Amino acid sequence: MLRTHTNGELRLTDINKEVTLCGWVQVVRDKGGMIYIDLRDRYGITQLILEESKTDKAVLDTVRTLSREFVIAATGTVIERLAKNDKIPTGDVELKVSNVTILNPAKLPPFLIEDKTDGGDDIRMKYRYLDLRRNPVRANLVLRHQVAKFTRNYLDNQDFIEVETPVLIKSTPEGARDFVVPSRMNPGEFYALPQSPQTFKQLLMVSGFDRYYQIVKCFRDEDLRADRQPEFTQIDCEMSFIEQEDILNMFEGLIRHLFTEVKGIDIGEVSRMTYAHAMKTYGSDKPDIRFGMEFKELKSEDIDLTSGKGFAVFDDANTVVGICVKGCAEYTRKQMDELTDFVKRPQIGAKGMIYMRYNADGTLKSSVDKFYSEEDLKQWATTFGAEKGDLILILSGDGDKVRKQLNELRLEMGNRLGLRNPNNYSVHWVVDFPLLEYGEEDDRWFAMHHPFTSPKPEDIQYLASGEYGKIRANAYDMVINGVEVGGGSIRIFQKELQAKMFEVLGFSDEEAKHQFGFLMDAFEFGAPPHGGLAFGFDRLCSLFGGSDSIRDFIAFPKNNSGRDVMIDSPSTIDQKQLNELKIKTV
RNA sequence: GGAACAUUGGUCUAAGGGUUAUGAUGCCACUCUGUCACAGUGGUGAAACGAGUUCGACUCUCGUAUGUUCCGCCA
């Protein structure tokens, strides 16, 4: 070792020791007669001190050539500081330097390597290896390491076995676009990178592995967002001889373990709600339930408190639904206009917004007073359970569409009122997802989760009757703070049911055989009942870190266009390579 | 595939159809023996690319590139 200690290590108890430290020069403070150097490594910062009269002239000369980010080794004696610094753990001591070796000089970095850097996202991504020297970024990767470590601990204790599955696999038409890799040895043929190890983990169940997991890279060639990367990591799990309840308990346990070990937080009860309830009450399949504002209906299949009063907007809508915002009756006209503009933005697409104030003096004032009597409004207020000082926001329109719009408004209000503190966590399951959803464009049914998801036994009858929309699946998502962190299902393990599913999804026998014949075959050799789930590892880390962006938790992430601006990929390849692969670009 | 916004010294940024283009920080030089975001003095250094409007464009318009965010998409 070139060093005897790290830069985060020395304390008063080390005084008078001869030590050698290595690291990067954070800053040189040359006061003329004396020079201070902050030496940094991943463990911390230790101050080096040199004095005009006491330090060897040659050493002083060397030190005067140092600048930021030089890599040096410094030898000397640990002494107690005259002026202590209580902001850093090593602040009681300093190293009285007797010798300094420049291990490597450094060009000036394009931005400051400090907790609060002056660099923008762009330049920091280009020099990611420099950005990674900064504490906050490094802390995110340490957090990621912790999450991975405690995941492995937990699953290992539960007898799970980590098995690697291939990365060069086969393209499938369903779902996201595949990244493809040409096969040189098989001209004109391509591998695909896995969107997930789905079929392999099911085959491992057939093999009798019983409890499998893998922290594994997955690849999807779709457009990106702040919380999406073309390559991302899953905690992929599968179990045999279990029911849905066993899965929920097992992985609730995992998340509880992670919160306890990584964050020191007890997450309390992990509640459950059905997909139908989530959609009706929150307009989302991943509701943020840290705050109330549940939807209340003024008009739907079950109720009608709005029709026949001459307000055409409500009369023409099949659904009128709203939220009650506590204590916001005093919102100004300007604030109301902002909210109206918010819901009218093209991304949300509402036509307008109706509001009603429940004033502190007990009066009700709405933007539709012209059409509705005091009595009508009172009835609304009762429906919402509103109290004096509350504000009620109402949207109208078409069923699930208007609920999705109201969901956006609800989240916006949650943000405005500071009800979505990233350090408050609420973990819950959404269960009973529909098995199939209808795709208008292709005029056919699609698997909502994936084609191997099993229907609920009591709903299998609808497979025969063709009422596909009624079929609920043994599928579940885990939601934390309105973010879907994981999901899975109990799988189909009988060949006949799987064949029926492929039929419903519009696969011909041939296609099914071509795409998934190996799985169908496997199911004939004794497939156990099984199911599992996968967690989005990057998202989980970003939640633990209290950030919306998963990029901060990936060492070398890609940008919005799927580019790595540091290594400049993707890039063109030599004609020679193309020839070898028998590939022509168009 | 679509939309919005952005692009000014190394970095972050200000104003404004006519300026010597603002400030901070960095960097360089000098001073400084208890600094730790050291301080002080002085210095250095800038309009993404292309076209147009105009007497005149860093400023307005269009296009291109790049980036960010969103919609579509992501079983």
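Labels below follow one simple rule: chain letters A, B, ... track the order of the sequence lines, proteins then strands, and each chain is numbered from 1. Note that the coordinates shown come from a computational prediction; the quantities given were computed from them, not determined experimentally.
- Distance A/D227 CG to B/C70 C1': 12 Å, rounded to the nearest Å.
- In this structure, A/N85 does not reach the B/U35 phosphate: none of its side-chain N or O atoms is under 4.0 Å from OP1 or OP2.
- For B/G67, the OP1/OP2 oxygens have a side-chain nitrogen or oxygen of A/N559 closer than 4.0 Å.
- Taking atom C1' in both B/U7 and B/U13, one finds a spacing of 13 Å when rounded to whole Å.
- Inspection of the A/D41 and A/N7 side chains reveals an N or O donor paired with an N or O acceptor under 3.5 Å.
- Comparing the C1' positions of B/G2 and B/C28 gives a spacing of 50 Å, expressed to the nearest Å.
- The two residues A/T274 and A/D432 have their closest heavy-atom pair at CG2-OD2, 3.8 Å.
- Across the P atoms, B/U59 and B/G18 are found 11 Å apart, a figure rounded to whole Å.
- Between the side chain of A/D118 and the base of B/G10, a donor-acceptor pair under 3.5 Å is found.
- In this structure, A/R228 is not positioned above the aromatic face of A/F232 in the sense of NZ or CZ being under 6.0 Å from the six-membered ring centre and within 45° of the axis.
- Non-hydrogen atoms lying under 4.0 Å from RNA chain B are contributed by A/R68, all within residues 57-72 of chain A.
- Between the side chains of A/Q26 and A/R133, no donor N or O sits under 3.5 Å from an acceptor N or O.
- Nearer the 5' end of RNA chain B, as judged by each residue's closest nucleotide, is the contact made by A/L112, out of A/G32 and A/L112.
- Scanning residues 505-518 of chain A for heavy-atom distances under 4.0 Å to RNA chain B yields an empty list.
- Nucleotide B/U69 holds its P atom 10 Å from the CG atom of A/D548, rounded to whole Å.
- Between the base of B/C74 and the side chain of A/R228 there is a donor-acceptor pair shorter than 3.5 Å.
- B/C38 and B/C27 have their P atoms separated by 10 Å, with the value rounded to a whole Å.
- Using C1' as the reference atom, B/A15 and B/A47 are 13 Å apart when rounded to the nearest Å.
- Checking the phosphate oxygens (OP1, OP2) of B/U35, no side-chain nitrogen or oxygen of A/R81 falls inside 4.0 Å.
- Across B/G52 and B/A46, the matching P atoms stand 27 Å from one another, rounded to whole Å.
- With 3.5 Å as the limit, one finds no donor-acceptor pair spanning the side chains of A/T62 and A/R64.
- Taking atom P on both B/A14 and B/G9, the two are 12 Å apart, rounded to the nearest angstrom.
- Side chains of A/Q494 and A/Q498: a donor-acceptor N/O pair is absent below 3.5 angstrom, by distance only.
- Atom CD in A/E408 sits about 11 Å away from atom C1' in B/C71, given to the nearest Å.
- OP1 and OP2 of B/A37 both lie 4.0 Å or more from every side-chain N or O belonging to A/R29.
- Note on A/S196: a base of the nucleic acid sits closer than 4.0 angstrom, heavy atoms only.
- A donor-acceptor pair shorter than 3.5 Å cannot be found between the side chains of A/D538 and A/Q229.
- A/D236 and A/Y212 share a donor-acceptor pair across their side chains, judged by distance under 3.5 Å alone.
- Between the side chains of A/N135 and A/D115, a donor-acceptor pair is found at a separation under 3.5 Å.
- Along RNA chain B, the nucleotide closest to A/I79 and the one closest to A/M448 are compared, and the more 5′ of them pairs with A/I79.
- Within 4.0 Å (heavy atoms only), A/E51 reaches at least one base atom of the nucleic acid.
- The phosphate of B/G67 (OP1 or OP2) has a side-chain N or O of A/S561 nearer than 4.0 angstrom.
- A donor and an acceptor atom, one from each side chain of A/N474 and A/S489, are nowhere located under 3.5 Å apart.
- At the phosphate of B/U68, OP1 or OP2 sits under 4.0 Å from a side-chain N or O atom of A/R551.
- Note: CG (A/D121) to P (B/U13) measures 10 Å, nearest angstrom.
- As a whole-Å value, the separation of A/D341 CG from B/C70 P is 20 Å.
- The distance between atom CZ of A/R124 and atom P of B/G10, rounded to the nearest whole Å, is 19 Å.
- Side-chain atoms of A/E94 and base atoms of B/G34 include a donor and an acceptor less than 3.5 Å apart.
- Residue contacts for A/K84: at a heavy-atom cut-off of 4.0 Å it reaches a base atom on one of the strands shown.
- No hydrogens or angles were tested; on distance alone, a donor-acceptor pair under 3.5 Å links the side chain of A/D223 to the base of B/G72.
- When rounded to the nearest whole Å, the span between NE2 of A/H449 and P of B/C74 equals 15 Å.
- Across all strands shown, A/L82 has heavy atoms under 4.0 Å from base atoms, whether or not it also approaches the sugar-phosphate.
- Across all strands, A/K116 comes closer than 4.0 Å to no nucleic acid atom at all (heavy-atom distances).
- Contact annotation: side chain of A/R225 to base of B/G72, donor-acceptor pair present below 3.5 Å.
- Here A/F111 lies out of heavy-atom contact (under 4.0 Å) with every strand.
- A/T55 places no side-chain N or O within donor-acceptor distance of the main-chain N or O of A/E52, the cut-off being under 3.5 Å.
- Residue A/P451 is in base contact, counting any heavy-atom pair closer than 4.0 Å across all strands shown.
- Taking atom NZ of A/K344 as the reference point, atom P of B/C71 lies 20 Å away to the nearest angstrom.
- B/U25 and B/A6: their P atoms are spaced 27 Å apart (whole Å).
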